[in-house]
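The sequence lines fix the lettering, A, B, ..., with proteins before strands; numbering per chain opens at 1.
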Protein chains: 2
Amino acid sequence: MPRGNGLGPPWWHGRFRGCGYKITLGREAILNALIKADQHLSAEDIYQKVHTTYPAIGLTTVYRTLEILVNMGLVFKFDFGDGRARYELVEGSKKSHHHHHLVCTNCKRVIDYTDFVDDEIGLLKKTEKGLSKKYSFEITNHVIQFYGLCGQCKNTK
Amino acid sequence: MPRGNGLGPPWWHGRFRGCGYKITLGREAILNALIKADQHLSAEDIYQKVHTTYPAIGLTTVYRTLEILVNMGLVFKFDFGDGRARYELVEGSKKSHHHHHLVCTNCKRVIDYTDFVDDEIGLLKKTEKGLSKKYSFEITNHVIQFYGLCGQCKNTK
DNA sequence: TTTGTAAATGGAAACCATTTTCAATAAGGA
DNA sequence: TCCTTATTGAAAATGGTTTCCATTTACAAA
């Protein structure tokens, strides 16, 4: 769990150092943007947010940092089918529990839902265990997404 | 269920006509490629396959046809994180049952698994019903994917 | 069978998110 | 403070996918 208090270095500095990465203003700003947003953002979204407080940032750095964060397991990368990836903290700072996504294939709206997630997680855990053994896979992550038409798009058709 | 026998028009002609689409050699060839392959293919894969028997085909047509097929619900479109989409028939012609995917984040290998899928489907059905009501979504499709390291990549690291 | 017309097509060009290149800069241990 | 190496931003390259547009085709109507 993130400790956003002002005392001591942010919770993730240790993990960063441990992996041999340096702490830089850019990385700090990108992570903060993700923590504050606490929901899925595109690379461009993050670039825009960070750019207001740290104009020197480059889009390239955003992509590079996100790749690191994904590889470290701090950030999830999602594809909702609109041609750009979305990123979100694995553990949101405040409200966010683990959640899954409901994607409208028409307007691309995405709803985070936490309902039923406990049941889903339970089943996934069991499935993961079985799959790991059978296929000797080391599973680190999963995605569940439902696709369909949201209330608005249903009526407009 | 597809009826691949030589008698009468292929099973999907009716659905095509019903949607106001014309039957063309290109579309026929693309659908046949998907039926024969019975596993996920990229647009380029399909283009290559079709090109051998029908050299006039254009990559553009492959993309256009795939989009139609996805919208009609005959074909699934997947993203495995390697920058190109994969397509597969919703109902494979022979062996294929409904399956989910196990994706190696290192070498991008994809394993189709059918184990546990019955349990998964059961839960998903229930979840779908609940979500549809709560968010007034009309759910048409779902994706479950596990990510991790395959046996080979685990050892190489 | 012929004809009319909108749908479908292929090739080239455009698009655009992401990646790579490279020279300049900065982090952090010595 | 200095040195080494990772990091950076800008610009260019990449590559899957989409758009444009002139030509061709499917197929319903005559």
Colleague: Check whether any side-chain heavy atom of B:D119 lies under 4.5 Å from a side-chain heavy atom of B:L123, and answer yes or no.
Modeller: no

Colleague: Just checking A:I57: base, sugar-phosphate only, or nothing, at a heavy-atom cut-off of under 4.0 Å?
Modeller: sugar-phosphate

Colleague: D:dT17 C1' sits how many Å from B:E67 CD, rounded?
Modeller: 10 Å

Colleague: Got a sec: does the NZ of B:K108 have more than 12 other heavy atoms crowding it under 6.0 Å?
Modeller: yes

Colleague: When the nearest nucleotide of DNA chain D is assigned to B:A43 and to B:Y21 on a heavy-atom basis, which residue is associated with the more 5' position?
Modeller: B:A43

Colleague: Measure CG/B:L25 against P/D:dT25 and give the value in whole Å, please.
Modeller: 10 Å

Colleague: Counting any heavy atom closer than 4.0 Å, what does A:T24 reach on the DNA or RNA strands: base, sugar-phosphate only, or nothing?
Modeller: sugar-phosphate

Colleague: Under 4.0 Å: is that the gap between some side-chain N or O of A:R17 and OP1 or OP2 of C:dG28?
Modeller: yes

Colleague: Give the rounded distance in Å between these two atoms: CZ of A:R84 and C1' of D:dG15.
Modeller: 17 Å

Colleague: Ring centroid separation for A:F80 and A:H40, is it under 6.0 angstrom?
Modeller: yes

Colleague: So which one's nearest nucleotide on DNA chain D is more toward 5', A:L59 or B:R64?
Modeller: A:L59

Colleague: Can you check the B:K22 NZ to D:dA28 P distance for me, whole Å?
Modeller: 9 Å

Colleague: OH of B:Y47 versus C1' of D:dT18: gap in Å, rounded?
Modeller: 16 Å

Colleague: In this structure, how many angstroms lie between the P atom of C:dT19 and the CG atom of B:D82, rounded?
Modeller: 12 Å

Colleague: Between B:H142 and B:E120, do the side chains contain an N or O donor and an N or O acceptor separated by less than 3.5 Å?
Modeller: no

Colleague: Do the side-chain N or O atoms of B:Y63 get closer than 4.0 angstrom to the phosphate oxygens (OP1, OP2) of D:dT18?
Modeller: no

Colleague: Without decimals, in angstroms, what is the distance between B:D79 CG and D:dG16 C1'?
Modeller: 12 Å

Colleague: Considering every strand and a 4.0 Å limit on heavy-atom distances, what is the contact class for B:R27: base, sugar-phosphate, or nothing?
Modeller: sugar-phosphate

Colleague: What is the separation between atom OH on B:Y54 and atom P on D:dT25, rounded to the nearest whole Å?
Modeller: 8 Å

Colleague: Starting from the C-alpha separation in whole Å, work towards a yes-or-no answer on ring-ring contact (aromatic ring centres under 6.0 Å, His included) for B:H101 and B:F78.
Modeller: CA-CA 10 Å; B:H101 299 287; B:F78 291 101; 4.7 Å; yes

Colleague: For the side chain of B:T65, counting heavy atoms from C-beta on, which of C:dT20, C:dT9, D:dT17 is nearest?
Modeller: C:dT9

